[in-house]
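Following: one structure in structure tokens, then a few remarks.
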Number of protein chains: 2
Amino acid sequence: MDWQKLLTQAGFRISKPRKQVMQLLESTQTPQTALAIYQQLRAQGARLSLVSVYRTLELFVSLGLISMVYEPEGSLGYVPASAGHHHYILCQVCHRAVEFAGTEDLAGLIYQVENQTQFLVSDHLLQFFGVCPKCQNKSKESA
Amino acid sequence: MDWQKLLTQAGFRISKPRKQVMQLLESTQTPQTALAIYQQLRAQGARLSLVSVYRTLELFVSLGLISMVYEPEGSLGYVPASAGHHHYILCQVCHRAVEFAGTEDLAGLIYQVENQTQFLVSDHLLQFFGVCPKCQNKSKESA
DNA sequence: CGCCTATTGAAAAACTTTTACAATAAGGAA
DNA sequence: TTCCTTATTGTAAAAGTTTTTCAATAGGCG
Ligand SMILES: [Mn+2]
Ligand SMILES: [Mn+2]
Ligand SMILES: [Zn+2]
Ligand SMILES: [Zn+2]
């Protein structure tokens with residue numbers, strides 16, 4: 001389902017800031033911080049406020065329209081999310097984030113950990129970091 | 001190796017704030033934020049500053065003496081770290097963090113993801129969340 | 001013990017996120 | 001289309017977090 005329909009069905013309005021934030025996130029391959037989103041939109045002539053960016057990001061995350069990713073440097077980035085369970089892999093060179101499917105991804109490990117710790121596991125946080133295909137090629141060329 | 005020897009060998013001094021922060025972290029089972037560490041130490045009569053807590057945590061992390069964990073609510077906590085590759089599982093009830101061994105833990109999944117995305121994976125972020133044995137028992141009793 | 005300088009604490013600055021509230025605009029109804 | 005209701009916005013201020021600066025202090029070696 002399209003994000004605008006989802007918003008509407010959930011009882012929220014399709015406001016200008018919401019459109020702008022979603023459009024910006026959809027236009028980039030790299031996770032963006034709240035401030036970066038705000039600054040880019042302003043640079044494009046948009047009139048929204050930083051407060052609205054924060055509010056919009058919070059809403060979109062709560063609806064599962066976007067995901068938070070932890071950047072290696074410590075900041076929090078946001079990226080559009082597809083439906084269902086998945087995780088992200090981040091390129092350490094160009095900072096692109098790519099989704100990968102995550103169903104059953106950790107079943108074996110979770111089983112091990114539950115035995116080992118006697119915890120009951122109900123959730124997890126998983127991200128990979130590495131080098132994307134494009135950046136691998138660039139390294140080869142320069143070598 | 002004991003953390004004080006490690007600090008010394010790396011050319012750092014064993015200062016009062018460093019002792020106090022490490023002692024506090026070693027005394028608790030739950031990850032503590034910089035501010036929480038500061039406030040607890042002050043409550044105990046320690047004279048250190050919050051700035052020193054930040055500086056100490058940064059140093060200890062860089063030396064691998066402690067680890068950062070992402071709390072579900074969004075804050076960053078710190079816990080003493082044992083040597084070697086490992087991850088943490090956090091109890092959603094009592095907030096305890098428990099290490100589990102992590103060598104080869106994701107080898108199979110990484111292989112899949114590399115094929116699927118063509119990334120070259122070099123690092124990962126992994127945490128589990130669940131309920132610890134103690135808190136499981138408490139639920140049973142009250143039921 | 002005494003020196004050297006790594007480390008600290010205080011204060012300010014910088015940066016990030018949240019709150020309050022009046023003005024605005026989204027979208028359903030007429 | 002216009003009107004009405006109220007969700008949403010923007011501004012400003014507050015609150016919260018982390019970093020920087022620099023003079024004073026104290027850790028540890030000679
Ligand atoms: Mn998963
Ligand atoms: Mn691992
Ligand atoms: Zn790349
Ligand atoms: Zn527990």
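A note on names: the letters A, B, ... follow the listed sequences, proteins ahead of strands, and every chain is numbered from 1.
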**Request:** Please report, rounded to the nearest Å, how far the P atom of D:dG10 is from the CG atom of A:L41.
**Result:** 11 Å
**Request:** For B:L59 and C:dA6, give me the distance from atom CG to atom C1', rounded to whole Å.
**Result:** 12 Å
**Request:** Determine whether more than 12 heavy atoms belonging to other residues, nucleotides or ligands lie under 6.0 Å from atom CZ of A:R42.
**Result:** yes
**Aromatic ring proximity, centroids under 6.0 angstrom, B:Y70 and A:Y70** = yes
**Complete:** Between CZ of A:R42 and P of D:dT9 the distance, given in whole Å, is 14 Å
Below 3.5 Å between N/O atoms, which protein atoms pair up with nucleotides 28-30 of chain D? Just atom names and distances, please.
| unit_1 | atom_1 | unit_2 | atom_2 | d |
| --- | --- | --- | --- | --- |
| D:dG28 | OP1 | B:I14 | N | 2.6 |

**Contact check, side chains of A:Q44 and A:L24, non-hydrogen atoms, under 4.5 Å** = yes
**Taking every non-hydrogen atom, the tightest pair across A:G102 and A:H85** = O-CD2, 2.6 Å
**Request:** Would you mind reading off the distance between A:Q20 atom CD and C:dA25 atom C1', rounded to a whole angstrom?
**Result:** 13 Å
**Message:** When you group the ILVMFWY residues by side-chain heavy-atom contacts below 4.5 Å and let the links chain together, are B:F100 and B:I110 in the same group?
**Reply:** yes
**Request:** Calculate the interatomic distance between A:R18 atom CZ and C:dA25 atom P; express it in whole Å.
**Result:** 15 Å
Would you list the protein and nucleotides 16-22 of chain D atom pairs, both N or O, that sit under 3.5 Å from each other?
| unit_1 | atom_1 | unit_2 | atom_2 | d |
| --- | --- | --- | --- | --- |
| D:dT18 | OP2 | B:Y54 | OH | 2.3 |
| D:dT18 | O5' | B:Y54 | OH | 3.4 |

**Message:** Rounding to an integer number of Å, can you tell me how far A:Q4 CD sits from D:dT8 C1'?
**Reply:** 16 Å
**A:Q4 vs A:K19 side-chain heavy atoms within contact, under 4.5 Å** = yes
**Fill in**
What one should report as the nearest heavy-atom pair of B:Y88 and B:S67 is OH-OG, 3.1 Å
**Item:** Heavy-atom side-chain proximity of A:D105 to A:H124 below 4.5 angstrom
**Value:** yes
**Asked** A:Y78 and A:F60: aromatic ring centres closer than 6.0 Å?
**Response** no
**Request:** Provide, to the nearest angstrom, the distance between the CD atom belonging to A:E73 and the P atom belonging to C:dC15.
**Result:** 15 Å
**Message:** With a 4.0 Å cutoff (strictly under), does any side-chain N or O of B:S52 reach OP1 or OP2 of C:dG9?
**Reply:** yes
